[in-house]
Structure formats: C-alpha cells, structure tokens
Amino acid sequence: MVSLAASTLSRNFFPNPSRSCTVRALRITLLRLHSKPTTWVPFMPSLKSFSAHFSASNLNMSKSQNETLGSQDDLVVLGIETSCDDTAAAVVRSNGEILSQVVSSQADLLARYGGVAPKMAEGAHMQVIDQVVQDALDKASLTERDLSAIAVTIGPGLSLCLRVGVQKARKIAGSHNLPIVGVHHMEAHALVARLIERDLQFPFMALLISGGHNLLILARDLGHYIQLGTTIDDAIGEAYDKTAKWLGLDMRRSGGPAIEELAREGNAEAVKFSTPMKQHKDCNFSYAGLKTQVRLAIESRSIKEAMCSNAKIPISSASSEDRSSRADIAASFQRVAVLHLEERCERAIEWALKIEPSITHLVVSGGVASNQYVRARLDQVVRKKNLQLVCPPPGLCTDNGVMVAWTGLEHFRIGRYDPPPPANEPEDYVYDLRPRWPLGEEYSEGRSEARSLRTARIHPSLTSLIQASMQQQP
C-alpha cells in the first residue's frame, strides 16, 4: 500500500503568505491525511494485482457516499478529457462551482474525414492540449499550486487520444506533487448530472448515448453500477453521423444537430424503416441494421451522389425536390432511431425498479442527449413510469472537462485516488489506458451472447474492481 503521508507532509502547501491560502492548504492537507487514500483502481494493471495490492486496513469506503455534496468546499480539481475528438479541460470546486471550462473542437477534421480519424485526432490533441489546460487555469484565476488534485479520462475511448490527456495530467501532477484520479468516461457522463441536480441521490438510472456508446445502467452508489443494456454493434451517435454524411449534411457540428435540423422539414412516416431488435426482449441496442436501411433508401431515391465521401451534391446545393427527399429520410431515420431508445428504456425502467424500487430519476447524458427530439420523446417515457428526467445542459452532455473534474472530486473526497507520479517519467513510460472498459457488471436477465460484447471485455469493469477492494475490508 502506498501512503501519501510522506509526500503530503513534504509538499510546499503555502505558495504565498496570505492567511486564506494557508488555511485552505491546511484543510487540503488534513483531508489527504484522514481520507486514507487508496492507490486508485483505474491505474492498476489487472484485477489480480489490484486485489493483491490493497489491504483492508487501508480502505475507507464505509462512509455513506450519499452524504451532502456541499462539504469540503475548498477542494479544487482540474479535469482533462481527450478520449475522442474534443480536447477539454475545466476547473471545478467541490461545492459545485465551475471555475472554468475550455473545449477545443475538431469540427474541421470531422467534416474533412466524415468522422473521427484516430491518428489525426491524436495530432490535433497534441497541438492544443497545453494551451487548453493553461486557458482553463487562467480563466479560473488559479495556478497548479492552487489545485487539490488532477482528474483525467483513462477510458473508454481511442487509445491514441487518451494517451495525450493522461500524459499531460501526469506531467502536471508529478511536477506539482498532486494526487491523480483516473476517470471512467461513461461514469463521468452519468455523474455530471449530480453537479447540475444537487438533489440527485443514489440509486438512479442513466441512459448514456454518444457516438461510441449506448449504455443503460442502474447507478446504485458511487462506483457501483449494473449494466442493463448496451450496444451490440453501432451506437446511436455513429448512426446519426453516417446518415448525416450520406445525406450530404454539414458535419462540422457532428451528425446529430444536422439530422435534427433537417428532420424538422421532413415527414417522419415517409420511409418505413424497421425498428431494430423488436424480437429481442432485452435492453440492448443495435443500429447497424438501421444504417443499412438508410443507405438503401438513399440509393432508391436517386440521391446516390450525396453518399460519396466528398459529398458531390451537399444539402446546400440540392434541388427543392432532392432536399425534400433527404429531409424525409432524416425524419424517418430519427423517429425509428429514437423509438429504439424508448422501447429499451421502458423495459430497463421495469428491471431497475425490481432491483431498486426507490428509483425516482432517469439521467440522460452523452452527446446525443443534446438532441431536443430525443429529450422530448424520453421525457414522455419517463413520465409514464412516474419518474423524473434529468438532462445536463447541452454543453455538459458532449465531452467536456467539467464532468471529468466533478467525477474526480466525487472519488477524491472519499479517498479513491493515486499518489503523485514521479516528476520526470521516462518518455517510453507505458500508461494504463483502457479503450474498452465496462462500467458495470451485466444484469443477469440482460446478458447477451453477442460476440461483440464478449470481446469488448478487455478490462475488468470499474464496478468489479471497486467491489474487489471493498471485499478486503474486515
């Protein structure tokens, strides 16, 4: 067990002689000494070594994790997010105050390649990561010496992109002797709702929908999640992006907003797409078949040119008749894509209420949750089940540093974090990145035999790792 006591006491916590800074630094010191820190789960290389590394006497998980979020208001965490195509950083205080938020978009690359190109995305992250982090600190009127910890996304996501954020986070943490929290990207999407809705307590349900993920979970406690459903092939955001590209839409805002805008002009009943997985009575998702239906519909309506990678006839140059056809396809696609979400959510709510009858909220987050049509349809589902829908504002639905910082804060305040890394790590240091990393264990009734689900489980889930550590307690 690595203790932070020595490094904590040796650190210069008093960067200036002001009384307020001294008092604040002392509080942070005491918190670190009394929270009985653990070597944070995500950076452990395997479940076996993780279990062997922990001793029960070093764990401090017995306190209720639903205690008031407004305590320990002097904690300040920098969050860094580079899991996909946006470079983001934010500084958040533990009382919920967002001190800064900076996002550098790769919209031009998305438009050029019609989606995310991992190597190009990595290069874009590397070009801006230093400036994004510095801007976040400057806008918060803070320096690294004012921080309590660094939080960074380590998975799931694209390995090349994750590496950029983790390397930057460890460099800052090592140079300034700061603890570091490895954050699960999907957990961050779920927990940011607790920053916005301060009355949101565990347990609650969450639907997390983005370009790479469709996930229905039951959040029983911090770090304890049950997976009710996931995608067995493509996520809804991927389907939106491909449809937008094939229809010749402007991809600089990503496919979701472009499809939603064009769909307002169309007839959602014009094209009779089939709802995916009607015969499967589970909560899993599939959008690969719907993508094929869209492609065939575009070809049959003689707007094949729009499907070319360079969009020979973009929507802005389409004739009135052609634009109308594309709008009908967009509207029909969106209706069925979201209907698939509705059906899965209805069943998942029933399952979740069997496990936790006290559930009162469904959180919908992730980039696709910015779609107003999606929100409106899911709100109807939730109301029928006598639940309340919680959606973060659009700026906190898409990938951002605020959700990473807040999730880091939630874990940090109960002692889940890593000690500061070495100040000078070698350039060839191998980071523990988790591009495929389940959030929770599959619910028995929803377990799928799909090959894609089995091969995706490269790492033990976040929930299983935390539960393994808690079993070590006397």
Fill in: Side-chain touch V192/S365, heavy atoms, less than 4.5 angstrom
yes
Worksheet entry | Worked verdict on L433 versus V166 for side chain to side chain contact (heavy atoms under 4.5 Å, CB included) | CA-CA 8 Å; L433 308 175; V166 170; 3.7 Å; yes
Fill in: Pair K291 + D234, salt bridge at N-O below 4.0 Å
yes
Fill in: Q101 versus G395, closest heavy-atom pair with distance
NE2-O, 3.5 Å
Worksheet item: Does I196 reach the side chain of P393, with side-chain heavy atoms less than 4.5 Å apart?
Response: yes
Discussion item. Please give me the minimum heavy-atom distance between A89 and L78, naming the atom from each residue.
Written reply: CB-CD1, 4.4 Å
Worksheet entry | SB check K242 E238 (cutoff 4.0 Å) | yes
Item to complete: Output yes when a side-chain donor or acceptor of T82 lies under 3.5 Å from a complementary backbone atom of G165, and no otherwise.
Response: yes
Worksheet item: Can you name the nearest heavy-atom pair linking F333 to F273, along with the distance?
Response: N-CE1, 3.6 Å
Item to complete: Evaluate side chain to side chain contact (heavy atoms under 4.5 Å, CB included) for R377 paired with L341, printing each intermediate quantity in order.
Response: CA-CA 9 Å; R377 297 296 303 176; L341 292 181; over 6 Å; no
Worksheet item: Roughly how far apart are R344 CZ and M277 CE, rounded to 0.5 Å?
Response: 5.0 Å
Worksheet entry | Expected output: side-chain W437 to main-chain H184 donor-acceptor under 3.5 Å | no
Worksheet item: Would you say the side-chain atoms of D135 pair up with the backbone N or O of V132, donor to acceptor, closer than 3.5 Å?
Response: no
Worksheet item: Are the side chains of V402 and L195 in touch, meaning some heavy atoms are under 4.5 Å apart?
Response: yes
Item to complete: Report yes or no: do Y240 and Q334 form a side-chain donor-acceptor pair below 3.5 Å?
Response: yes
Fill in: Test: R220 and E356 ion pair at under 4.0 Å
yes
Worksheet item: Within the side chain of S469, is there an N or O that forms a donor-acceptor pair under 3.5 Å with the backbone of I466?
Response: yes
Fill in: Gap separating the CD atom of E441 from the CD1 atom of I217, nearest 0.5 angstrom
13.0 Å
Worksheet item: With distance as the sole test, does D221 use its side chain to make a donor-acceptor pair with the main-chain N or O of H224 at under 3.5 Å?
Response: no
Discussion item. Working note: T153 + I80, criterion side chain to side chain contact (heavy atoms under 4.5 Å, CB included); need CA distance, chi angles, decisive distance, verdict.
Written reply: CA-CA 7 Å; T153 303; I80 298 175; over 6 Å; no
Worksheet item: Rounded to the nearest 0.5 Å, how far apart are OG of S370 and CZ of R375?
Response: 6.0 Å
Worksheet item: For the atom pair CE (M186) and CG (N214), what is the distance rounded to the nearest 0.5 Å?
Response: 8.5 Å
Worksheet item: Once the angle between the rings of H189 and H185 is folded into 0 to 90°, is it parallel (under 30°), tilted (30 to 60°) or perpendicular (over 60°)?
Response: perpendicular
Discussion item. Checking S286 against T231 for the side chain to side chain contact (heavy atoms under 4.5 Å, CB included) test, could you report, in this order, the C-alpha distance in whole Å, the side-chain angles of both residues, the deciding distance, and whether it holds?
Written reply: CA-CA 6 Å; S286 170; T231 182; 5.7 Å; no
Discussion item. Parallel, tilted or perpendicular, judged at 30° and 60°: which one describes the rings of Y287 and H340?
Written reply: perpendicular
Fill in: Any donor-acceptor N or O pair under 3.5 Å, side chains D130, Q134
no
Worksheet item: For C397 and A369, which heavy atoms make the closest approach, and how far apart are they?
Response: SG-CB, 3.8 Å
Worksheet item: More than 12 non-hydrogen atoms from neighbouring residues, nucleotides or ligands closer than 6.0 Å to NZ on K385, yes or no?
Response: yes
Worksheet entry | Residue pair D86 / H125, side-chain donor-acceptor N/O under 3.5 Å | no
Discussion item. Nearest 0.5 Å, please: how far is CZ in R413 from CG in L222?
Written reply: 9.5 Å
Worksheet item: Looking at R163 and E122, does any basic side-chain N land under 4.0 Å from a carboxylate oxygen?
Response: no
Discussion item. Just so I know, are the side chains of I359 and L218 near enough to count as touching, which here means a heavy-atom distance under 4.5 Å?
Written reply: yes
Worksheet item: Can you name the closest pair of heavy atoms from A193 and V390 and give their distance?
Response: CB-CG1, 4.0 Å
Worksheet entry | pair V368-V374: side-chain heavy atoms closer than 4.5 Å | yes
Discussion item. If we count only N and O atoms by modelled type, under 3.5 Å, do the side chains of E81 and S83 hold a donor and an acceptor together?
Written reply: yes
Fill in: Salt-bridge contact R434-D432 (side-chain N to carboxylate O under 4.0 Å)
yes
Worksheet item: Of V76, V92, V77, which meets side chain to side chain contact (heavy atoms under 4.5 Å, CB included) against L99?
Response: V76
Fill in: Closest heavy-atom pair and its distance - I129, M126
CG2-O, 3.8 Å
Discussion item. Pairing donors with acceptors under 3.5 angstrom, does anything connect the side chains of E187 and H411?
Written reply: yes
Worksheet item: Between CD of Q293 and CG of L290, what distance do you get to the nearest 0.5 Å?
Response: 5.5 Å
Practice prompt. Give a yes or no on whether a salt bridge exists between K278 and E343, defined as a side-chain N under 4.0 angstrom from a carboxylate O.
Written response: yes
Discussion item. Taking the side chain as everything from C-beta on, heavy atoms only, tell me whether R264 gets closer than 4.5 Å to Y373.
Written reply: no
Discussion item. Any non-hydrogen side-chain atom of V364 less than 4.5 Å from a side-chain atom of L389?
Written reply: yes
Item to complete: For residues S148 and F412, determine if any side-chain heavy atom of one lies less than 4.5 Å from a side-chain heavy atom of the other.
Response: yes
